[in-house]
Amino acid sequence: MNDRVCICDLKNHIDAEVTLSGWVYRNRPGGKVLFLVVRDGTGLCQCIVEKGKIDEELFGQLKRLGQESSLRITGLVRTEERSAGGVELGVTGAEIVNVSEDYPITPKAHGVDFLLKHRHLHLRSQRQWCIGKVRHTVIDAVRRFFNDDGFTLIDTPIFTGAVGEGEQTLFEVDYFGSPLYLAQTGQLYLESAAMSYGKVYCFGPTFRAEKSKTRRHLTEFWMVEPEVAYAGLDELLELGENFVTSIVKAVLKENRSELETLDADIAALEKIEAPFVRLTYSEVVEILTGEQTVKFMADQLGGFEAEKETIETRIAELEKPQQGLKKWQQEKNAKELVELQGELSELNIRIENNPKHAQLAADFRWGKDLGGSDETIISLMHNKPVFVTHYPGEVKAFYMKHDRSNEKVVENFDLLAPLGFGEIIGGSVREDDYDVLLDKIKALGYNPDDYQWYLDLRKYGSVPHGGFGLGIERTVAWITGEKHIRQCIAFPRMRDKIHI
RNA sequence: UCCCCGAUAGCUCAAUUGGUAGAGCGAGCGGCUGUUAACCGCUAGGUCGUAGGUUCGAGUCCUACUCGGGGAGCCA
């Protein structure tokens with residue numbers, strides 16, 4: 001029997017002869033035995049080629065076969081503890097499809113810029129592959145959650161008029177001679193649809209011309225936005241926490257091995273369970289300016305310094321003369337040294353930043369928007385996601401509904417992911433009173449004519465409603481433990497630079 | 001727009017604080033084998049980001065520029 005099967009399915013074909021169609025991931029050639037690690041898009045499999053068991057000429061060809069050459073390879077599946085996946089292939093034959101020479105991405109370390117320039121090839125690497133699998137599950141879980149909960153999908157336009165948040169962050173395009181903008185949210189359109197279907201969501205690419213150059217920003221990213229008629233703040237918070245919990249549970253179920261490969265914090269993810277922590281902006285201000293934060297920052301600094309000492313001790317050990325050590329041991333040590341020095345410099349930055357961030361928190365005054373470092377402090381204080389609600393209206397968008405019991409604040413919320421990752425959701429209850437909304441539009445100097453259709457929603461059967469937006473890449477980065485969200489989309493678009 | 005860091009071989013980095021350009025990986029050749037980023041030997045590979053300046057002498061010091069990384073503001 002000669003079945004063509006997927007590597008992910010091999011454990012169901014023990015002792016059978018199968019043919020894999022894939023690419024060479026690693027080639028460790030030897031005199032009499034070759035270890036060919038083959039990938040086929042579903043996983044990795046070590047293939048053993050023994051001299052004498054296959055054609056002599058083929059053995060020679062396989063021995064010289066470069067990384068990422070494509071081939072069909074046939075052999076007997078057997079369990080083998082020494083192989084990474086628990087099974088391996090005892091090769092009986094192979095057909096080389098395409099010989100790859102001088103593949104640029106080698107098994108050793110590479111820099112960020114180099115990998116981005118080779119993004120089309122980097123997608124084949126194990127780590128990128130795992131992140132892509134997790135992203136797929138996240139998106140699938142997003143759609144399932146809303147579809148199973150009575151939401152209707154609405155596709156909002158990519159080309160939009162100036163109606164939105166801040167014009168300075170919009171990408172302008174030439175639309176048959178007139179300016180138009182790429183969508184930075186589907187929300188206003190979605191509000192219209194919510195008045196038709198009740199519960200709706202949109203999901204698609206979003207464009208922001210923000211001049212941000214950080215690990216949390218892309219100029220093109222994917223966002224899912226639910227919008228619910230007759231919903232108040234409490235319902236939205238509940239929706240948000242159930243939604244995020246369902247995503248995390250789906251990834252834990254579908255991608256455990258990927259999370260392990262990525263070295264994600266699985267134990268922390270397993271603790272994600274509704275209800276999440278709820279704090280008002282005013283409570284956050286009190287925490288930031290209170291004793292709790294002073295102590296927290298001091299403890300954090302102490303922890304950093306202890307860690308620094310441990311690393312420095314180890315570095316001193318490694319820097320001692322290494323006589324009598326085998327060459328490979330020396331190399332291993334040298335590599336550890338480089339890694340430790342990298343960690344040390346990162347730690348030094350954190351130690352340097354700690355007092356600055358402590359000062360920023362202590363100096364925080366009611367009315368300002370929370371900064372990145374403030375959010376980090378709050379999220380690090382909890383091992384669950386944290387909702388921060390009721391921000392000052394002045395720092396927030398015009399469409400957010402003012403709290404009728406405290407006109408200074410709006411009924412909005414951000415969700416901060418744990419472990420210091422930061423904001424993954426931003427949402428609010430929308431202003432549903434025609435006159436209040438019109439006044440705000442006028443006060444901001446916008447032209448009411450541009451917002452007539454949006455105002456109409458408050459004229460004909462207005463109801464309380466609201467929604468939120470969740471950033472897919474930020475969510476994937478948080479779940480996988482990836483530091484930078486550019487790794488969480490196949491072809492990232494960043495400020496200043498698009499590689500391919 | 002502003003602040004900090006960086007640019008040396010295909011890749012990742014080093015060069016004793018101004019004195020003849022180095023290592024590992026990768027590539028090529030050979031050896032070896034149940035290897036896990038294997039290992040051992042040999043070979044090839046560089047206009048030190050660009051342009052000026054200081055100096056007897058610059059990878060190293062100064063100035064400008066280009067490109068890249070991180071961050072602030074803003075945000076998902």
Side-chain angles (χ1 to χ4, degrees), chain A residues 25-37 44 46-51 64 66-67 80-85 88 90 101-118 126 165-166 168-169 184-185 187 205-225 326-328 330-332 334-335 337-339 341-342 345-346 349 352-353 356 360 368-373 375 395-397 414-417 421-427 468-478 483-486 488 494-497 499:
Chain A
Y25 192 69
R26 296 262 186 281
N27 189 0
R28 284 189 290 278
K32 287 173 186 152
V33 186
L34 312 181
F35 297 91
L36 272 177
V37 179
L44 296 174
Q46 175 167 278
C47 302
I48 312 300
V49 189
E50 287 179 83
K51 200 170 188 172
R64 275 170 193 76
Q67 209 183 333
E80 173 54 67
E81 279 182 18
R82 289 169 292 188
S83 174
E88 66 177 22
E101 286 171 353
D102 298 332
Y103 187 69
I105 302 176
T106 64
K108 297 288 173 175
H110 296 287
V112 171
D113 193 46
F114 178 83
L115 289 176
L116 283 172
K117 278 179 180 150
H118 295 84
Q126 185 69 348
E165 296 175 30
Q168 69 277 15
T169 63
Q184 57 174 358
T185 171
Q187 183 207 316
T206 300
F207 307 89
R208 303 259 169 110
E210 289 159 6
K211 305 225 162 136
S212 304
K213 238 175 82 167
T214 82
R215 65 185 67 183
R216 297 192 309 282
H217 286 87
L218 297 170
T219 56
E220 176 182 315
F221 64 97
W222 284 65
M223 180 160 74
V224 58
E225 299 174 89
K326 291 252 169 73
K327 195 172 177 185
W328 68 268
Q330 286 184 17
E331 273 167 27
K332 208 167 190 177
K335 189 178 160 30
L337 198 60
V338 168
E339 272 172 18
Q341 275 159 350
S345 73
E346 234 178 78
I349 290 171
E352 199 180 301
N353 281 338
K356 292 185 204 165
L360 277 174
K368 285 199 299 182
D369 207 349
L370 293 175
S373 63
E375 288 183 351
V395 299
K396 288 293 167 183
D414 284 350
L415 180 66
L416 309 180
F421 187 80
E423 187 180 339
I424 57 170
I425 280 182
F468 60 83
L470 172 128
I472 293 295
E473 290 78 12
R474 285 187 180 182
T475 304
V476 173
W478 160 53
K483 283 202 178 67
H484 205 303
I485 67 170
R486 69 179 155 223
C488 299
M494 288 165 298
R495 180 194 164 190
D496 297 339
K497 189 77 179 174
H499 288 88

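Computed from a prediction, not measured in an experiment: that's the story for all the values here. Chain identifiers are assigned alphabetically (A, B, ...) following the order of the sequence lines, protein sequences preceding nucleic acid strands; residue numbering begins at 1 within each chain.
- B/A38 and B/G46 are spaced 27 Å apart, taking the P atom of each and rounding to whole Å.
- Listed for the A/R208 side chain is a donor-acceptor partner under 3.5 Å among the backbone atoms of A/Q184.
- With both ends at atom C1', the span from B/C75 to B/U60 equals 42 Å, rounded to whole Å.
- Residue-level contact check: A/D369 touches the backbone only, with heavy atoms under 4.0 Å from sugar-phosphate atoms and none from bases.
- Taking atom P in both B/U8 and B/U47, the straight-line distance is 13 Å, to the nearest Å.
- Looking only at side-chain heavy atoms (C-beta outward), A/R64 and A/N27 stay at 4.5 Å or farther from each other.
- Put simply, CD1 on A/I424 and CD1 on A/I485 are 12.0 Å apart, with the number rounded to the nearest 0.5 Å.
- Distances from the side chain of A/Q46 to the nucleotides B/C75, B/U36, B/A38 place B/U36 closest.
- A/L115 has its CG atom 11 Å from the C1' atom of B/U12, to the nearest Å.
- As judged by a 4.0 angstrom heavy-atom cut-off over every strand, A/P205 is placed among residues making no nucleic acid contact.
- Taken to the nearest 0.5 Å, the NZ atom of A/K51 stands 8.0 Å off from the NZ atom of A/K32.
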Using a cutoff of under 3.5 Å, can you pull out all pairs of nitrogen or oxygen atoms linking the protein to nucleotides 7-11 of chain B, with atom names and distances?
residue, atom, partner, partner atom, Å
B/C11, O2', A/A109, O, 3.0
B/C11, O2', A/H110, ND1, 2.6

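- For B/A14 and B/C61, the P atoms lie 14 Å apart once the distance is rounded to whole Å.
- Distance A/L370 CG to B/C75 P: 11 Å, rounded to the nearest Å.
- Nearest-nucleotide assignment on RNA chain B puts the 5′-proximal partner with A/K32, out of A/N27 and A/K32.
- Rounded to a whole Å, the CD atom of A/E375 is 10 Å from the P atom of B/A76.
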Take A/M223 and A/Q187 through the side chain to side chain contact (heavy atoms under 4.5 Å, CB included) test and state the conclusion after the steps. CA-CA 11 Å; A/M223 180 160 74; A/Q187 183 207 316; over 6 Å; no
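- Ring planes of A/F114 and A/H118: tilted class, angle from 30 to 60°.
- Of the side-chain N and O atoms in A/R208, none sit less than 4.0 angstrom from OP1 or OP2 of B/C75.
- Residue-level contact check: A/E101 touches neither bases nor backbone, having no heavy atom under 4.0 Å from any strand.
- Spacing between atom NZ of A/K396 and atom C1' of B/A76 amounts to 11 Å, rounded to whole angstrom units.
- Both A/G372 and A/M223 lie near RNA chain B, and the one whose nearest nucleotide falls closer to the 5' end is A/G372.
- Among the nucleotides B/C74, B/G34, B/A76, the one closest to any side-chain atom of A/E88 is B/G34.
- The distance from atom CZ of A/R28 to atom P of B/G34 is 13 Å, rounded to the nearest whole Å.
- Backbone-only engagement by A/G469 is indicated by non-hydrogen atom pairs under 4.0 Å involving sugar-phosphate atoms exclusively.
- With a 6.0 Å radius and a threshold of 12 heavy atoms from other residues, nucleotides or ligands, A/E101 has its CD atom at or below the threshold.
- Between A/K117 atom NZ and A/H110 atom NE2 the span is 14.0 Å, to the nearest 0.5 Å.
- For a distance-only test at 3.5 Å, the side chain of A/R64 fails to qualify as a donor-acceptor partner of the base of B/C29.
- With C1' as the reference atom, B/U55 and B/G59 are 16 Å apart, rounded to whole Å.
- For the C1' atom pair drawn from B/U17 and B/A76, the interatomic distance equals 47 Å after rounding to whole Å.
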Is there a side chain to side chain contact (heavy atoms under 4.5 Å, CB included) between A/L116 and A/M494 once you walk through the steps? CA-CA 11 Å; A/L116 283 172; A/M494 288 165 298; 3.9 Å; yes
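- When the C1' atom is used for both B/A72 and B/G57, the distance is 43 Å, rounded to whole Å.
- Within the 3.5 Å criterion, the main-chain N or O of A/R216 finds a donor-acceptor partner in the side chain of A/T214.
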Would A/T206 and A/W222 satisfy side chain to side chain contact (heavy atoms under 4.5 Å, CB included), going step by step from the backbone distance to the final call? CA-CA 6 Å; A/T206 300; A/W222 284 65; over 6 Å; no
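- When the P atom of B/C75 is taken as reference, atom CD of A/Q187 falls 14 Å away, rounded to whole Å.
- As rounded to the nearest Å, B/C56 and B/C13 have C1' atoms that lie 32 Å from one another.
- With centroids closer than 5.5 Å and planes inclined by less than 30 degrees as the test, A/F35 and the base of B/G34 fail to qualify as a stacked pair.
- Using a 4.0 Å heavy-atom cutoff across all strands shown, A/L470 reaches no nucleic acid atom at all.
- In this structure, A/E210 places its CD atom 15 Å from C1' of B/G71, rounding to the nearest Å.
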Side chain to side chain contact (heavy atoms under 4.5 Å, CB included) between A/R486 and A/V112: does it pass, once the steps are laid out? CA-CA 10 Å; A/R486 69 179 155 223; A/V112 171; 3.4 Å; yes
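- Note on A/I105: nothing from the nucleic acid sits closer than 4.0 angstrom, heavy atoms only.
- A donor-acceptor contact shorter than 3.5 Å links the side chain of A/R474 to the backbone of A/E423.
- The distance from atom CG of A/L415 to atom P of B/C75 is 17 Å, rounded to the nearest whole Å.
- The number of heavy-atom neighbours closer than 6.0 Å to NZ of A/K368, taken from other residues, nucleotides and ligands shown, is above 12.
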Return the polar atom pairs (N/O with N/O) between nucleotides 67-70 of chain B and the protein under 3.5 Å, or none.
residue, atom, partner, partner atom, Å
B/G68, OP1, A/K497, NZ, 3.2
B/G70, OP1, A/H484, NE2, 3.1
B/G70, OP1, A/R486, NH1, 3.1
B/G70, OP1, A/R486, NH2, 2.9
B/G70, O3', A/R215, NH2, 3.4

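- Secondary structure note: stems in RNA chain B built from 3 or more consecutive Watson-Crick or G-U wobble pairs under 3.5 Å occupy B:1-7 with B:66-72, B:10-13 with B:22-25, B:27-31 with B:39-43, B:49-53 with B:61-65.
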